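It should be emphasised that the depicted structure is a prediction, and the values quoted were computed from it without experimental measurement. All chains are named by letter (A, B, ...) in the order of the sequence lines, taking the proteins before the strands, and each is independently numbered beginning at 1.
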Amino acid sequence: MMMNAKQRCISLLKDCKTLQNIKKIQAIATKTSLLNDPFISGKLILLSAISISDALQYACNLFLEIPSPDIFTYNTLIRGLSESNSPQQSLLTYIEMRRKTILQPDSFSFAFILKAAANYKSLDGGIQLHCQSLVHGLDNHLFVRTTIVSMYAECGCISSARKAFDELSQPNVVAWNAIVTACFRCGDLKGAEVLFGRMPFRDLTSWNIMLAGYMKAGEVEPAKRIFAEMSAKDEVSWSTMIVGIAHNGRLDEAFEYFRELNSAGMRPNEVSLTGVLWACAQAGAFEFGKVLHGYIEKAGFGMMVSVSNTLLDTYSRCGNVQMAHLVFDWMIINKNIVSWTSMMASFAMHGLGKEAVQLFHNMESSGVIPDGITFICILYACSHAGLLKEGIGFFHKMQATYGIEPSIEHYGCMVDLYGRSGLLRKAFEFVIEMPIEPNDIIWRTLLGACSIHGDVTLAEQVKERLSELDPTNPSDHVLLSNIYAVAGKWRDVVSVRRSMTDQNIKKSPGWSMIEVDKIMYNFVVGEGSNGVTKEAQEKLMEIMSRIRIEGGYIPEVGSVLRDIEEEEKENAVSLHSEKLAVAFGISRLCRGSVIRVVKNLRVCRDCHVVMKLISKVYKWKIVLRDRSRFHSFHEGQCSCQDFW
DNA sequence: GTAGGGTTAG
């Protein structure tokens with residue numbers, strides 16, 4: 001059957017996901033003067049404006065070519081822009097429409113533009129639009145009013161949201177759902193519960209709102225109770241549980257729910273897949289990640305940017321930067337700013353600063369515009385690879401070329417950059433002079449630099465500031481005590497330890513995980529003597545004595561806290577969780593495989609030395625992810641070049 | 001021919 005040009009465009013538009021396709025359709029439309037058809041042009045603009053990186057400008061240009069856009073076309077552009085990275089543009093377009101045309105906004109216009117105000121978190125703008133809708137007699141329109149409720153909640157104004165809801169004479173289920181969501185958004189859990197109880201009717205979404213609300217508030221148990229109570233569950237219910245549980249740090253349970261989802265006869269969707277992949281990334285579950293990768297390819301989820309981006313990140317956080325890069329390369333036309341930034345972060349974590357810098361330039365030449373997070377990653381890459389000059393260059397470039405105002409995170413990266421490079425005074429001055437009030441993280445970064453370079457005097461000054469901001473943070477005390485220990489100031493070590501005991505500050509326990517046969521094993525310092533721990537301890541004894549004889553190992557006792565007897569100190573470091581996990585790996589894994597360990601804290605100097613020696617004496621490759629980066633040990637060397 | 005409430009990546 002012959003299709004006419006309009007039908008062809010419409011069918012092409014149905015699954016149009018890339019800028020290339022949009023351009024193709026535009027070519028057909030232009031040739032056949034279909035661009036004057038408001039349906040085609042409107043759809044085109046909408047599709048190109050939404051979530052396709054770099055297409056926003058294209059959409060606006062396209063819009064300008066339309067001779068006299070009608071309200072439908074304007075609405076489409078306003079909607080596209082409201083969901084973009086710059087929702088302000090949506091408001092500007094609306095203002096322009098009012099100024100330049102005689103078009104009257106309708107209920108659609110208000111629904112979209114109020115959403116823009118919500119996304120932009122602009123309370124002032126939202127109030128003005130609320131008034132405008134009143135002027136046009138549309139503020140009572142059910143759809144508009146529901147958006148007003150959500151807008152006020154997004155802007156943090158629960159009382160106005162509540163008022164807008166209470167004025168509705170006959171709220172339907174969507175309006176009820178909106179007000180419950182509003183309570184959760186504003187942190188009013190009690191209010192959400194009360195309103196949920198009062199709802200005259202509920203649909204599945206109402207229940208899902210409760211799940212998501214509790215999860216985002218960190219209330220996992222109530223969410224689990226509700227989930228168990230629900231008679232009907234859909235994809236969203238399952239995805240919400242998996243994502244929520246994972247983000248609340250219960251990785252094992254996230255895997256469990258994912259397995260349950262499958263055995264309940266449901267198919268994972270892209271959201272549950274990103275959730276479970278995210279859990280793999282956190283846990284360093286490389287083997288399970290690979291299994292999921294297979295499923296993703298087979299089921300066709302590889303085309304989805306969010307899934308591929310998460311997969312990339314998972315490989316990266318599991319220590320396999322090569323696989324991460326492969327996933328990145330496979331996303332030929334799909335890459336967005338998140339993909340580029342994730343790849344940069346991946347290089348950065350693995351100490352490949354030069355590669356990250358090169359990637360940044362490639363991104364620029366391919367026309368992708370970096371955002372604030374991209375710059376955090378590239379600055380992190382520079383500081384972790386000692387690229388001082390490059391880092392300073394990027395910090396200027398983000399402001400001069402891209403007009404991005406540095407946030408506290410960017411300043412933190414700069415402090416880290418100067419600090420790691422040994423320019424401690426410069427780092428200190430930078431903190432004093434920065435236009436934002438430094439927070440605890442900034443000072444902690446500087447304290448970390450003092451620890452690397454052994455500057456006791458500056459460390460004491462910095463710790464004083466930290467004591468004002470966050471007096472009970474255990475890691476600050478531990479870090480200061482370590483600085484004293486390395487400098488041999490045992491009396492000061494004791495005094496820090498004593499003040500910790502007096503204030504009942506406990507060091508967060510270190511743990512390390514390793515995956516063997518797709519099962520994760522967790523090792524915690526000084527915890528338990530079950531079969532697995534025993535096995536690891538015995539193997540570790542053997543390893544330590546072998547690296548002592550064959551590798552010339554001398555324990556670095558500065559890494560322990562207390563001024564205890566030398567032999568005891570040696571014992572305490574030798575039982576660090578990462579050592580146990582690696583020993584367990586050597587005991588269980590096949591020769592030739594890579595030992596991948598994830599640790600929750602920073603690796604200590606002694607463990608770092610031991611890992612290098614094991615990689616040399618035992619000829620195993622060890623990939624250790626600690627709190628801040630990756631260490632790849634091979635033939636007695638570490639990828640971080642002892643710079644962490 | 002466009003809408004309002006719930007889950008997704010750096």
Using a cut-off of 4.0 Å on non-hydrogen atoms, how would the nucleic acid contact of A/Thr205 be classed: base, sugar-phosphate, or nothing?
base
What's A/Ser272 touching, base or sugar-phosphate or nothing? Going by heavy atoms closer than 4.0 Å.
nothing
I need the OH-C1' distance between A/Tyr152 and B/dG4, as an integer number of Å.
16 Å
Mind checking side chain to side chain contact (heavy atoms under 4.5 Å, CB included) for A/Ala228 and listing every partner two or more places apart, or none if nothing turns up?
none
Looking only at the side chain of A/Asp106 (C-beta and beyond, no hydrogens), which of the listed nucleotides B/dT8, B/dG10, B/dT2 gets closest?
B/dT2
Return the CD1 to CG distance between A/Ile337 and A/Asn309, rounded to the nearest 0.5 Å.
10.5 Å
Shortest side-chain distance from A/Asn269, nucleotide among B/dA9, B/dG10, B/dT7
B/dT7
Going by 5.5 Å between centroids and 30° between planes, is there a stack of A/Phe143 over B/dG4?
yes
A/Trp238 near the nucleic acid: base, sugar-phosphate alone, or nothing, with a heavy-atom cut-off under 4.0 Å?
nothing
How would you label the contact of A/Thr240 with the nucleic acid (heavy atoms, under 4.0 Å): base, sugar-phosphate, or nothing?
sugar-phosphate
Touch class at under 4.0 angstrom, heavy-atom based, for A/Thr146 against every strand present
base
Under 4.0 Å between any heavy atoms, over every strand shown, what does A/Phe110 touch: base, sugar-phosphate, or nothing? Just pick one.
nothing
To the nearest Å, how far apart are A/Phe301 CZ and B/dT8 P?
16 Å
What does A/Ser150 touch in the nucleic acid at a heavy-atom separation under 4.0 angstrom: a base, only the sugar-phosphate, or nothing?
sugar-phosphate
Testing B/dG10, B/dA9, B/dG4 for proximity to the side chain of A/Thr147, the answer is B/dG4
May I ask you to say what A/Ala212 touches in the nucleic acid, namely base, sugar-phosphate or nothing, with a heavy-atom cut-off under 4.0 Å?
sugar-phosphate
Of the options A/Tyr94, A/Phe63, A/Phe108, which is the one that meets A/Tyr74 in a ring-ring contact (aromatic ring centres under 6.0 Å, His included)?
A/Phe63
Which nucleotide wins on minimum distance to the side chain of A/Leu142, given the candidates B/dG10, B/dT8, B/dG4?
B/dG4
Using only side-chain N and O atoms of A/Arg145, determine if any of them is under 4.0 Å from OP1 or OP2 of B/dG4.
no
Taking donor-acceptor contacts at under 3.5 Å, does the side chain of A/Ser107 reach the base of B/dA3?
yes
Centroid-centroid distance, A/His130 to A/Tyr152, less than 6.0 Å:
yes
Tell me the interatomic distance from A/His247, atom NE2, to B/dT8, atom P, rounded to whole angstroms.
7 Å
What is the distance, rounded to the nearest whole Å, between atom CH2 of A/Trp340 and atom P of B/dA9?
22 Å
Just the rounded figure in Å: distance from C1' of B/dT8 to CD1 of A/Ile337.
18 Å
Phosphate oxygens OP1/OP2 of B/dG4: is one of them under 4.0 Å from a side-chain N or O of A/Trp176?
no
Taken to the nearest whole Å, CZ/A/Phe258 to C1'/B/dT7 is 14 Å
Which part of the nucleic acid, if any, lies within contact of A/Ile373, taking any heavy atom under 4.0 Å across all strands shown: a base, the sugar-phosphate backbone alone, or nothing?
base
Kindly indicate whether a cation-pi arrangement holds for A/Lys233 with A/Phe227, taking the cut-offs as under 6.0 Å to the six-membered ring centre and within 45° of the axis.
yes
Under 4.0 Å between any heavy atoms, over every strand shown, what does A/Lys216 touch: base, sugar-phosphate, or nothing? Just pick one.
sugar-phosphate
Would you classify A/Arg185 as touching base, sugar-phosphate or nothing, given that sugar-phosphate means primed atoms plus P, OP1 and OP2, and contacts are heavy atoms under 4.0 Å?
sugar-phosphate
Tell me if the side-chain of A/Ser339 makes a donor-acceptor pair with the base of B/dG10, cut-off 3.5 Å, by modelled atom types.
no
Rounded off to whole Å, could you give me the NE2-to-P distance for the A/His325 and B/dG10 pair?
19 Å
Between B/dT8 (P) and A/Leu273 (CG): distance, integer Å:
14 Å
Heavy atoms only, 4.0 Å cut-off, all strands: where does A/Val236 land among base, sugar-phosphate and nothing?
base
Touch check for A/Thr310, heavy atoms < 4.0 angstrom, all strands: base, sugar-phosphate only, or nothing?
sugar-phosphate
One thing to verify: whether A/Arg145 and A/Glu167 come together as a salt bridge, which I'm taking to mean a side-chain N less than 4.0 angstrom from a carboxylate O.
yes
What one should report as the nearest heavy-atom pair of A/Phe201 and A/Trp176 is CE1-CD1, 3.7 Å
Check every atom of B/dG10, B/dA9, B/dA3 against the side chain of A/Asn336 and return the nucleotide holding the closest atom.
B/dA9
